[in-house]
Amino acid sequence: MENLHLFHIMEDKKRFNLDRLKELESEFLHQYPTGFEDAKFFPTMKKFNPQKLEIFAKENLNKECFSNPNLVIDSYFKVIQKSVLVSLFDKLKLKDMISSLNSYEKDMLSIEIYELLYGNKKEGFEGLVEFLAQYNLSKWTIISVVPYYLNRHDEYFIKPTTTKNIIKYLKIDEITYKPKPSYEFYKNYKEILDETKLLLNKNLSFDNAAYTGFFKVAIEICDVE
């Protein structure tokens, strides 16, 4: 079945530039032959340890936890606060926002988070964007980071600069990055990244944040050359 899917991707490679994708893989593995396990890459990977936050998120943001909105909002913030993927500036702004919320607003926020994680993903995504927009916090990093920690092999953390560089380098014409998060963009971008995974060395995609990190590093290598 996977081989059949791979065939269709090869046939429909107009979604992205396959030659450029394979070039990124080749240059990255030339520089780091064992991928992320390479000794030269180890100092970078040492800082990247998502397993602890994955465990915390799964324990404190499971479905049963949502019976207590206050605890859910607290846990939601703690995941973001502890993440190395989100800027300190955004963490501080989010902290201020949460401290200003009343009980009703926390209930509403917890509902959007639940929908995003366990219910109608599209409605939850768009609802969370609109809620955070009131505080100028509807940012890709904040929207995408918690779903990523709950499912590191399926969901993607969206870092704006890396995302724009991937789209540009692979000549992906069907989607256009915009600063305001949209579910439609995320859905299509995720589909494309999932397709590229099937065409590359599996050592590059053990984790989705690491996978987009591979693109970041590889594009930098190729641009220098």
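Keep in mind that what you see is a predicted model, and the values were worked out from it rather than measured.
- By the side chain to side chain contact (heavy atoms under 4.5 Å, CB included) test, N102 pairs with Y104, E105, sequence neighbours left out.
- Using modelled atom types, one side-chain atom of N208 and one backbone atom of E155 make a donor-acceptor pair closer than 3.5 Å.
- With sequence neighbours excluded, no residue forms a side-chain hydrogen bond (donor to acceptor under 3.5 Å, both in side chains) with K164.
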With a 3.5 Å cut-off and sequence neighbours excluded, list the donor-acceptor pairs that the side chains of residues 69-78 form with protein atoms.
{"residue": "D74", "atom": "OD2", "partner": "K78", "partner atom": "NZ", "Å": "3.3"}
{"residue": "S75", "atom": "OG", "partner": "L71", "partner atom": "O", "Å": "3.0"}

Next item on the list: Would you please test Y183 and N188 for side-chain hydrogen bond (donor to acceptor under 3.5 Å, both in side chains) and show each step?
Entry: CA-CA 9 Å; Y183 180 76; N188 291 326; over 6 Å; no

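- Going from atom OG of S87 over to atom NZ of K93 covers 9.5 Å, rounded to the nearest 0.5 Å.
- Every residue two or more places apart in sequence or in another chain that forms a side-chain hydrogen bond (donor to acceptor under 3.5 Å, both in side chains) with E126 is listed here: K122.
- Checked by atom type and distance alone, the side chain of E25 pairs as donor or acceptor with a backbone atom of N201 at under 3.5 Å.
- Using a 4.5 Å cut-off on side-chain heavy atoms (C-beta onward), I143 and I158 make no contact.
- The aromatic rings of F28 and F214 sit perpendicular, their planes meeting at an angle over 60°, well past the 30° parallel limit.
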Could you pull out all donor-acceptor pairs under 3.5 Å where a side-chain atom in residues 52-59 meets a protein atom, sequence neighbours excluded?
{"residue": "E54", "atom": "OE1", "partner": "R152", "partner atom": "NE", "Å": "3.1"}
{"residue": "E54", "atom": "OE1", "partner": "R152", "partner atom": "NH2", "Å": "3.3"}
{"residue": "E54", "atom": "OE2", "partner": "K58", "partner atom": "NZ", "Å": "3.1"}

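- The distance from the CG atom of L109 to the CG atom of D107 is 9.5 Å, given to the nearest 0.5 Å.
- Side-chain atoms of S26 never come within 3.5 Å of backbone atoms of K22 as a donor-acceptor pair (strictly under, hydrogens ignored).
- The ring pair (Phe, Tyr, Trp, His ring centres under 6.0 Å) analysis of residues 79-99, with sequence neighbours excluded, yields no pairs.
- By the ring-ring contact (aromatic ring centres under 6.0 Å, His included) test, F215 is found to be paired with Y211, residues two or more places apart in sequence or in another chain being considered.
- L88 shares a hydrophobic cluster with L92; the chain of contacts runs through ILVMFWY side chains whose heavy atoms sit under 4.5 Å apart.
- Listed for the E115 side chain is a donor-acceptor partner under 3.5 Å among the backbone atoms of N120.
- Using a cut-off of 4.0 Å between Lys/Arg side-chain N and Asp/Glu carboxylate O, R15 and D173 are scored as not salt-bridged.
- The two residues A209 and T212 come nearest to each other via the heavy atoms O-OG1, 3.1 Å.
- Within the structure, the salt bridge (charged side-chain N to carboxylate O under 4.0 Å, His left out) test picks out no pair touching residues 62-72 (sequence neighbours left out).
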Checklist line | Chi angles and distances behind the salt bridge (charged side-chain N to carboxylate O under 4.0 Å, His left out) call for E184, K178 | finding: CA-CA 11 Å; E184 198 61 31; K178 292 181 181 178; over 6 Å; no

Margin query: Checking Y149 against S83 for the side-chain hydrogen bond (donor to acceptor under 3.5 Å, both in side chains) test, could you report, in this order, the C-alpha distance in whole Å, the side-chain angles of both residues, the deciding distance, and whether it holds?
Written below: CA-CA 9 Å; Y149 279 114; S83 175; 2.9 Å; yes

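- Under the ring-ring contact (aromatic ring centres under 6.0 Å, His included) criterion, Y169 pairs with no residue, sequence neighbours left out.
- By the salt bridge (charged side-chain N to carboxylate O under 4.0 Å, His left out) test, E130 is found to be paired with K180, residues two or more places apart in sequence or in another chain being considered.
- Sequence neighbours left out, the pairs with a member in residues 132-147 that pass side-chain hydrogen bond (donor to acceptor under 3.5 Å, both in side chains) are D90-K139.
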